[in-house]
Structures are given as C-alpha cells and as structure tokens.
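Working notes, beginning with the structure itself.
For ligands, and for the atoms within them, numbers begin at 1 and follow the listed sequence.
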Amino acid sequence: GAKNKGKNRFEFYSPKSEAVMAEKVKMDQAMRKAVEDDCKEFEVYFQPIMEFINGLPQCCGSEALVRWNSSEYGMVMPDKFISQAEQMRLINAIGEHVLLEAAKACKHWNDFGHPEYKVNVNLSVVQLSQNDFIEKLKNVLEVTSINPRNLTLEVTESLAINDMEWMVKILKAIRELGCRVALDDFGTGYSSLNHIRSMPIDTIKIDKAFVSEMDSDHFSEAFVKTISELADSLDVDVCVEGVEMDKQVDMIGKFSVNLAQGFFFDKPLSRGEFEKKYL
Ligand code: C2E
Ligand code: MG
Ligand code: MG
Ligand code: MG
C-alpha cells in the first residue's frame, strides 16, 4: 500500500483513493435518488430559539435544520451533504422541501396555541440565485397560508460578498413579501460591519465560535458585547448560537442580546419531539 512507499510521496493513483471515489459516486447517486423520490428521506428537525423575557428564556420558535435519513447511510448530517448537494444543484429541490415543511409546521403551531412561534430556514446562495426564487417563496406562503412575519430566511455573508447589489435586491424582495431576514454565522468568513449597514436584515446570529470562547477569550466577549450594542442601536435583533453552559447564559444576560439558541436549552428535535415539548 501507499504507506510502505515512504511518506513524502504524492500518490496520484492508489487503490484507496479509487475506493473513496467509488464511494463518493455511490453516495451522489443515492442523494440524487432521494431527491427524485420527493425528498422523503430529507427530514426537517427544529431547534428551539429562546427569547429572554424579563431575563427568563422562553421558546419563541425554532430553526429548521435538515437531516438526510438515508436507507443506506443512516442519519446524515448537513455538514456531510449540503455542499455536495450545492455542487450537484440538488440543493434547490432539498431547500424547497425544507422551506415547505418548515412553513407547514410553523403554521400548524401558530394555529394550535402558539400564534407567536416563528421558524427560521437556512438558504443556500444557489437557491437564492434562481431567477424564480421569489416566485417559489410566494408559492410557499400561499399554499401554507403562514403569516410571512413568522418566516425568517437565514443567509450567510460569505455569499453576499461577491455581488452586494444583487444580494440587497433579493433580500429586499424577501422582506417585501413580509418575511424576515437573518444574517447567519456572523463573525466568521467574510464578516464586515459594512454588511450590517448595507444589508436589509432583521436579525444577526452571532456564530457559536464566539459564544464558546466568551469566558476564556477577551476578544470573543468584547465581540458579542459590541455587536449586540450596535444591533440594539440599529433596532436589529441579536441571536447567539451554540449556548452550551449556564455561565454563557449569565454573560449574555448582561449584553443587549434578546435571542439565544444552543444545546443548553435544547438540541434540534424531530417535529414530533418538538411538538411534545413546546406545543
Ligand atoms: P447553522 O445554520 O449555523 O445551524 C446551527 C448548527 O449548530 C446546527 O448544526 C445545530 O445543530 C448546531 N448547534 C446548535 N446548538 C449548538 C450548541 O450548543 N453547540 C454546538 N456545537 N452546535 C450547536 P447542523 O444541524 O449540523 O447544521 C449545520 C449547518 O448546515 C447549519 O449551520 C447550516 O449552515 C447548514 N444547514 C442545515 N440545514 C440546512 C438547510 O435546510 N439548508 C441549507 N442550505 N443549509 C442547512
Ligand atoms: Mg442557520
Ligand atoms: Mg449559524
Ligand atoms: Mg452555518
């Protein structure tokens, strides 16, 4: 095998990489098949988002997070298939499915006891680039009759950076339908304070990397504090992601943070589990 041939040698061809490639091709085919089969294997999970009311965290809705429950591979997490789905352009069908399922679920919760619950749905730039994305969104609003105010679309900055004018235009169109926009994973990648100024957004979601280091790293603490103050003065909501410990809850309690999400409160749940606990 490659190991016996010495460490500092490039291997352009080896039985191992051939096996890895074959496995990848197999998984791509399985994903394409799962999409053709009406996306039934793509299950939407919901992680509660908490709002601090008089300092106390209360569920105000959830973020929809997709999982591929594959008959061949078991439960596949988004980090293992989303970027491949983007490259194969399967993300449009998967994303539409997630959007529809999330809106249906939220409409149900709104009708049965929680008119205030909101749902957040992650959008890939590939989805946003479709000429008919706004039409598709309109259609989801119509068929589910969800209150658009209760539907938030999460976008990341990395995708905004190339063509800001286009990005602003499409985000404005989303908001004209009454939906809200959240800037996801803020602080990672191509973050710029200018994005907060030029992008029409309702919520900034501060990436979990800052939250996990808040107590040990002065920069992270100052970052969360400063961004939340800026957001507060611009009348934009702030959600901190990845809250795992009570000391983090204590810290954000001192900042102008009104929303939080993380394993400390709850993990992403199947729709059934979410309804048992929060409906
Ligand atoms: P994200 O949008 O930033 O979602 C938050 C991720 O953080 C989720 O991972 C969630 O399970 C995880 N998380 C929540 N609380 C904690 C915590 O306290 N600690 C830690 N360490 N992690 C926590 P998940 O579900 O694996 O999703 C990963 C990413 O995949 C998402 O990051 C999002 O970018 C993408 N994704 C998920 N669903 C979709 C989708 O339907 N469409 C698209 N385009 N992307 C999606
Ligand atoms: Mg998100
Ligand atoms: Mg995030
Ligand atoms: Mg992310």
Side-chain angles (χ1 to χ4, degrees), residues 31 34-35 39 41-50 57 59 61-69 75-106 118-130 133 136-137 140 151-159 180-189 191 201-214 224 227 237-249 251-252 259-271 273-274:
M31 182 152 60
V35 168
C39 288
E41 287 188 343
F42 295 95
E43 294 180 6
V44 184
Y45 275 54
F46 298 91
Q47 183 177 36
I49 297 177
M50 315 306 281
C59 178
S62 64
E63 175 173 6
L65 295 158
V66 70
R67 277 95 183 84
W68 176 19
N69 193 357
M75 203 57 112
V76 188
M77 299 301 278
D79 290 342
K80 293 277 181 289
F81 71 88
I82 290 285
S83 76
Q84 188 58 19
E86 287 174 335
Q87 284 174 46
M88 296 171 73
R89 290 293 188 269
L90 296 175
I91 194 67
N92 292 336
I94 298 169
E96 253 170 80
H97 168 76
V98 173
L99 184 61
L100 184 63
E101 291 304 308
K104 270 192 214 163
C106 186
K118 295 165 185 66
V119 74
N120 286 26
V121 177
N122 293 284
L123 285 187
S124 156
V125 68
V126 177
Q127 277 176 278
L128 271 178
S129 314
Q130 304 169 97
F133 177 74
K136 284 176 170 168
L137 177 58
V140 167
L151 179 60
T152 300
L153 299 170
E154 297 195 3
V155 299
T156 56
E157 298 166 289
S158 43
L159 32 113
R180 300 181 214 231
V181 173
L183 192 52
D184 201 2
D185 304 340
F186 188 78
T188 64
S191 288
I201 52 171
D202 302 277
T203 309
I204 296 169
K205 298 190 78 172
I206 299 181
D207 193 76
K208 50 183 170 282
F210 298 95
V211 180
S212 65
E213 295 194 337
M214 232 169 25
V224 176
I227 295 303
D237 286 336
V238 170
C239 180
V240 290
E241 300 190 279
V243 176
E244 294 180 352
M245 291 175 287
D246 52 5
K247 64 181 173 194
Q248 294 164 344
V249 180
M251 287 183 85
I252 58 182
L259 302 167
Q261 194 181 337
F263 299 157
F264 176 78
F265 305 108
D266 221 328
K267 62 179 194 295
L269 305 166
S270 70
R271 179 169 167 177
E273 288 172 314
F274 182 89

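- For ligand 1, the polar-atom distance check finds no N/O of Gln127 at less than 3.5 Å from any of the ligand's N/O atoms.
- No donor-acceptor pair under 3.5 Å is formed between the side chain of Asp184 and the backbone N or O of Val155.
- Looking at Val98 against ligand 1, only its side chain comes within 4.0 Å, counting heavy atoms.
- With ligand atoms numbered from 1 in the order given, ligand 1 contributes 28 (C), 29 (C), 30 (O) to contacts under 4.0 Å with heavy atoms of Asp79.
- At a threshold of 2.8 Å, the Mg ion (ligand 2) has no backbone or side-chain N, O or S atom of Asn120 nearer than that distance.
- Contacts between Gln47 and ligand 1 below 4.0 angstrom, taking non-hydrogen atoms only, involve the side chain exclusively.
- The N/O atoms of Asn122, backbone and side chain alike, include one that comes under 3.5 Å of an N/O atom in ligand 1.
- Not one N or O on the side chain of Glu96 forms a donor-acceptor pair closer than 3.5 Å with the backbone of Ala93.
- In this structure, Trp68 and Phe81 have perpendicular ring planes: the angle between them is above 60°, well past the 30° mark.
- Donor-acceptor pairing under 3.5 Å is recorded for the side chains of Glu154 and Asn120.
- Arg67 has its side chain out of reach of Val76: every pair of non-hydrogen atoms, C-beta onward, lies at least 4.5 Å apart.
- Residue Ser124 touches ligand 1 through backbone and side chain together, judged by heavy-atom distances below 4.0 Å.
- Contact annotation for Asp207 and ligand 1: no heavy atom of the residue comes within less than 4.0 Å of the ligand.
- The CD1 atom of Ile82 sits 12.0 Å away from the CD atom of Gln87 when rounded to the nearest 0.5 Å.
- Checked by atom type, the side-chain pair Lys136/Gln130 shows a donor-acceptor distance below 3.5 Å.
- Taking every heavy atom of Asp185 and a limit of under 4.0 angstrom, the matching atoms of ligand 1 come to 3 (O).
- Contacts with ligand 1 closer than 4.0 Å are made by side-chain heavy atoms of Glu63 only, the backbone lying farther away.
- The part of Val243 lying near ligand 1 is the backbone, judged by heavy-atom distances below 4.0 Å.
- Taking distance alone, with nitrogen or oxygen atoms compared against 3.5 Å, Glu86 stays at or beyond that limit from ligand 1.
- Taking the side chain as every heavy atom from C-beta outward, Val240 and Leu259 never approach each other to under 4.5 Å.
- For the residue pair Gln261 and Lys205, a side-chain donor N or O sits within less than 3.5 Å of a side-chain acceptor on the partner.
- A side-chain donor-acceptor contact under 3.5 Å links Asn69 and Glu43.
- Ligand 1 lies nowhere less than 4.0 angstrom from a heavy atom belonging to Gln261.
- Closest N/O/S atom of Asp184 to the Mg ion (ligand 3): OD1.
- For the residue pair Gln47 / Ser62, no side-chain donor-acceptor distance below 3.5 Å is found, with atom types taken as modelled.
- The atom name of the N/O/S atom in Asp185 closest to the Mg ion (ligand 3) is OD1.
- Of the listed residues (His97, Gln248, Lys208, Glu244), the one carrying the non-hydrogen atom nearest atom 7 (O) of ligand 1 is Lys208.
- In this structure, CZ on Phe264 lies 10.5 Å from CE on Met245, to the nearest 0.5 angstrom.
- For the Mg ion (ligand 2), the N/O/S atoms of Glu241 include none lying under 2.8 Å.
- Between the side chains of Ser270 and Glu273, at least one donor N or O lies within less than 3.5 Å of an accepting N or O.
- The distance criterion of under 3.5 Å between nitrogen or oxygen atoms is met by Val66 with respect to ligand 1.
- Considering backbone and side-chain N/O of Phe263, one or more are found under 3.5 Å from N/O of ligand 1.
- Note: Asp237 CG to Ile204 CD1 = 9.5 Å, rounded to the nearest 0.5 Å.
- Selection from Met77, Arg67, Glu154 by nearest heavy atom to atom 25 (O) of ligand 1 gives Arg67.
- The proximity of Val44 to ligand 1, defined as any non-hydrogen pair under 4.0 Å, does not occur for either the backbone or the side chain.
- Counting the atoms of ligand 1 from 1 in the order shown, those under 4.0 Å from a heavy atom of Gly262 are 15 (N), 18 (O).
- Contact annotation for Lys205 and ligand 1: no heavy atom of the residue comes within less than 4.0 Å of the ligand.
- Within ligand 1, counting atoms from 1 as listed, the ones closer than 4.0 Å to a heavy atom of Pro268 are 11 (O).
- Here the Mg ion (ligand 2) is the vertex; the OE2 atom in Glu63 and the OE1 atom in Glu154 give an angle of 90° (to 10°).
- Here CG of Asp207 is found 10.5 Å from OG1 of Thr156. Values are rounded to the nearest 0.5 Å.
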